[in-house]
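Beneath this line is the structure, given in C-alpha cells, with notes to follow.
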Amino acid sequence: MSEQPIITHVSDTSPLNRPTSSRSVTETVNGSHRFVIQGYSLAKGMGVGKHIASDNFTVGGHQWAIYFYPDGKNPEDTSTYVSVFIALASEGTDVRALFELTLVDQSGKGKHKVHSHFDRSLESGPYTLKYRGSMWGYKRFFRRAMLETSDFLKDDCLKINCTVGVVRSTIDCSSLHPIQVPDSDIGSHFGMLLENMEGSDVVFSVADEKFHAHKLVLAARSSVFRTEFFDELEGDKQEIVVADMEPTVFKAMLHFIYRDSLVEEELEDTSSSSIPSVTDTLTAKLLAAADRYDLTRLRRNSKQSALDLLLKILQLSCNRMDLNTLKKTAPLFSQSFLKPLLVVMMIVAVEVESLEAFGPSFQTVVIPMAGG
C-alpha cells in the first residue's frame with residue numbers, strides 16, 4: 001500500500017488585523033475668468049506674434065492668463081486668423097489641466113463659439129503644461145474677416161470667457177461610509193439602574209438609610225466587594241450593615257461606582273465665622289472610602305479633588321487671616337501626592353506666628369507655588 005500523506009494543520013493564533021482601505025480621487029479644481037477686449041480695431045496691426053494679456057487669475061493654486069493675438073500667432077497665416085491661448089503665468093512643473101475658451105455671442109442669441117475639454121472624452125487625457133509660460137490654445141481661433149462682421153464683435157468690443165480645471169489627485173484613507181460613534185453613555189444607564197433599583201439583589205444599611213444595589217456591578221468595580229460577595233461564606237446575605245460611614249458618603253461612593261463620576265462639592269467663600277474643616281468635607285471622606293473598598297479610580301479622582309479643595313482652603317484661610325485652620329490642615333498633607341503643599345503648610349503653621357507677619361507675599365508667592 002502506498003504511504004498516505006500526512007497533513008498538519010497549523011493554528012494561527014495571531015490576532016486578525018482589521019482590514020484597511022484607501023481611495024484615490026482624481027478631480028478638477030475649476031475656475032473661470034472673463035476677458036473683455038475693448039478697442040479691437042486699434043489693436044489690429046500690432047504685429048504677428050504680439051498679444052494682449054488679461055490680468056492674471058488663480059485656479060488650483062496656479063496663476064493663469066489669457067493671451068489674445070489680433071494679428072495671429074503664426075507668421076505663416078499672414079494675419080488671416082486671430083489666435084487665443086491660455087498661459088501658465090506662475091511657476092509650475094507638469095501642471096495638468098482642462099481648458100475651455102468661449103467667444104461670447106453679443107447678439108443675445110446664445111450662439112457662442114466654444115472650444116472645450118470638459119464633458120467629453122480626451123484620447124490623451126488632460127493637457128500638460130511643462131513650465132511657466134507654457135500655453136494651450138488655437139493659432140487659428142477665428143478667421144479675422146469673418147470675426148469683424150459677426151455678432152461676436154459689438155461696439156469694437158470682444159468678450160472671451162475662459163474656464164480652467166486643474167487636475168488634482170488625493171488619497172482618501174477614511175472609510176467609504178464613515179459612522180459617527182457617539183460618546184459612551186454607559187455611566188448614565190448604570191446610574192438609572194441604581195436610581196430605579198431594578199434588579200437589585202443587595203441592600204446596604206448605613207445609619208438610618210437603606211441603599212439598594214447590584215452585587216455584580218459592585219464586584220466588578222471593587223475587589224473588596226468581590227471578595228465579600230463571592231469568596232466569603234456570608235456572600236448570600238441580602239442586607240449588609242455598613243459601620244463608620246455616613247449615608248451621604250456611601251451614596252456618593254455608589255454614584256461613582258455606577259456613573260464613574262464624582263458628586264460635585266462646592267466650598268463657598270462666605271462671611272461665616274469659620275472655615276469648614278477639611279476632614280469634614282465629602283472629598284476627604286470619599287478618599288477614605290476609596291481606600292476602604294479598594295476603588296482605585298475613585299482614589300485617583302478624589303486625590304485631585306482633595307488637592308483642589310485644599311488649595312481653596314489655603315486661599316480662604318489666607319483671605320481671613322485664619323492661622324488656626326492652617327495649623328489644623330497641615331497634618332492632612334502627609335500623603336505623598338500632597339507633599340509639595342505640606343512644605344508650604346509647615347512654613348506657615350510652624351514658623352509663622354501670624355499671617356499678618358507674613359504679609360501679602362503669602363498670596364503672591366506661596367499660594368502659586370503650592371498650586372504648581
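All values below come from the heavy atoms of this structure, side chains included, with hydrogens, waters and symmetry mates left out.
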Treating H51 as the side-chain partner and Y69 as the backbone partner, does any N or O pair qualify as donor plus acceptor under 3.5 Å? no
Look only at the side chain of R168 and the backbone of G60, and say whether a donor-acceptor pair between them is shorter than 3.5 Å. yes
Once rounded to the nearest 0.5 Å, what's the spacing between atom CG of D294 and atom CZ of R299? 5.5 Å
Rounded to the nearest 0.5 Å, how far does CD of Q38 lie from CG of D156? 7.0 Å
Within the distance-only criterion (no hydrogens, no angle test), does the side chain of T28 pair as donor or acceptor with the backbone N or O of G165 below 3.5 angstrom? no
Single-linkage hydrophobic cluster, 4.5 Å side-chain cutoff, M192 and L218 together: no
Considering all heavy atoms, the nearest D77-R140 contact: OD1-NH2, 2.7 Å
Could you tell me which non-hydrogen atom of V59 sits nearest to which non-hydrogen atom of V164, and how far apart they are? CG1-O, 3.5 Å
For the side chain of H117 and the backbone of F99, is there at least one donor-acceptor N/O pair under 3.5 Å apart? yes
Sidechain-backbone polar pair: D201 side chain, K215 backbone, donor-acceptor under 3.5 Å: yes
Between F35 and F68 (judged by ring centroids, cut-off 6.0 Å), do the two rings come close enough to count as a pair? no
Taking a hydrophobic cluster as the set of Ile, Leu, Val, Met, Phe, Trp and Tyr residues connected by side-chain heavy atoms closer than 4.5 Å, whether directly or through intermediates, do F118 and I66 fall within one such cluster? no
Aromatic ring proximity F190/H214, centre distance under 6.0 Å: no
Quick check for you: to the nearest 0.5 Å, what is the distance between T128 atom OG1 and R96 atom CZ? 5.5 Å
Can you get from L295 to F230 by hopping between Ile, Leu, Val, Met, Phe, Trp and Tyr side chains that sit under 4.5 Å apart? yes
Please report whether the ring centroid of Y40 lies less than 6.0 Å from that of F152. no
Between R132 and E91, is there a donor-acceptor pair closer than 3.5 Å when you use the side chain of the first and the backbone of the second? no
Under 6.0 Å from the CG atom of D185, do we count more than 12 heavy atoms belonging to anything else shown? yes
If we ignore hydrogens and angles and just use 3.5 Å, is the side chain of D260 paired with the main-chain N or O of G187 as donor and acceptor? no
Indicate yes or no for a side-chain donor-acceptor contact from S222 to the backbone of Y293 under 3.5 Å, with no hydrogens or angles considered. yes
Nearest atoms (heavy-atom pairs only) where P247 meets F211: O-CZ, 3.6 Å
Can you hop from I52 to V48 via hydrophobic side chains spaced under 4.5 Å? no
Where M245 and V206 come nearest, the two heavy atoms and their spacing: O-CG1, 3.1 Å
Hey, is R259 close enough to E195 for a salt bridge, meaning N to O under 4.0 Å? yes
Stepwise side-chain contact (heavy atoms from CB on, under 4.5 Å) test for Q106 and D151: CA-CA 6 Å; Q106 299 187 66; D151 290 330; 5.9 Å; no
Nearest 0.5 Å please: distance from the CG atom of L286 over to the CG atom of L298. 5.5 Å
Is V203 close to Q238 at the side-chain level, that is, under 4.5 Å between some pair of heavy atoms? no
For atom NZ of K44, decide whether the heavy atoms of other residues, nucleotides or ligands shown that lie under 6.0 angstrom number more than 12. yes
For E198, does its backbone N or O pair with a side-chain atom of N196 as donor and acceptor, under 3.5 Å? yes
Nearest heavy-atom approach of V224 to R292 is CG2-O, 3.7 Å
The reported gap from CZ in F225 to CD1 in I240 (rounded to nearest 0.5 angstrom) is 7.5 Å
Anything under 30° is parallel, anything over 60° is perpendicular, the rest tilted; go ahead and classify Y138 against F141. tilted
To the closest 0.5 Å, what do you measure between CD1 (I37) and CD1 (I160)? 4.0 Å
Does the side-chain contact (heavy atoms from CB on, under 4.5 Å) test come out yes or no for L103 and L147, once each step is laid out? CA-CA 10 Å; L103 186 59; L147 175 65; 3.8 Å; yes
Cluster overlap V241 with V202, hydrophobic side-chain contacts below 4.5 Å: no
Before giving the answer on side-chain contact (heavy atoms from CB on, under 4.5 Å), spell out for K50 and D71 the whole-Å C-alpha distance, their side-chain angles and the decisive distance to 0.1 Å. CA-CA 7 Å; K50 301 290 183 67; D71 296 324; over 6 Å; no
Is there a side-chain contact between K210 and E239 in this structure, where contact means two heavy atoms from C-beta onward sitting under 4.5 Å apart? yes
Do K130 and D94 pass the side-chain contact (heavy atoms from CB on, under 4.5 Å) test, and can you show the C-alpha distance, the side-chain angles, and the key distance before you say yes or no? CA-CA 4 Å; K130 296 290 186 180; D94 294 332; 3.2 Å; yes
Give a yes or no on whether the backbone of F256 and the side-chain of R297 come within a donor-acceptor separation of less than 3.5 Å. no
Check this for me, if you would: do K251 and E209 make a salt bridge, where the nitrogen-to-carboxylate-oxygen distance has to be below 4.0 angstrom? no
What closest approach, in Å, do W64 and A97 show between heavy atoms, and which atom pair accounts for it? CH2-CB, 4.3 Å
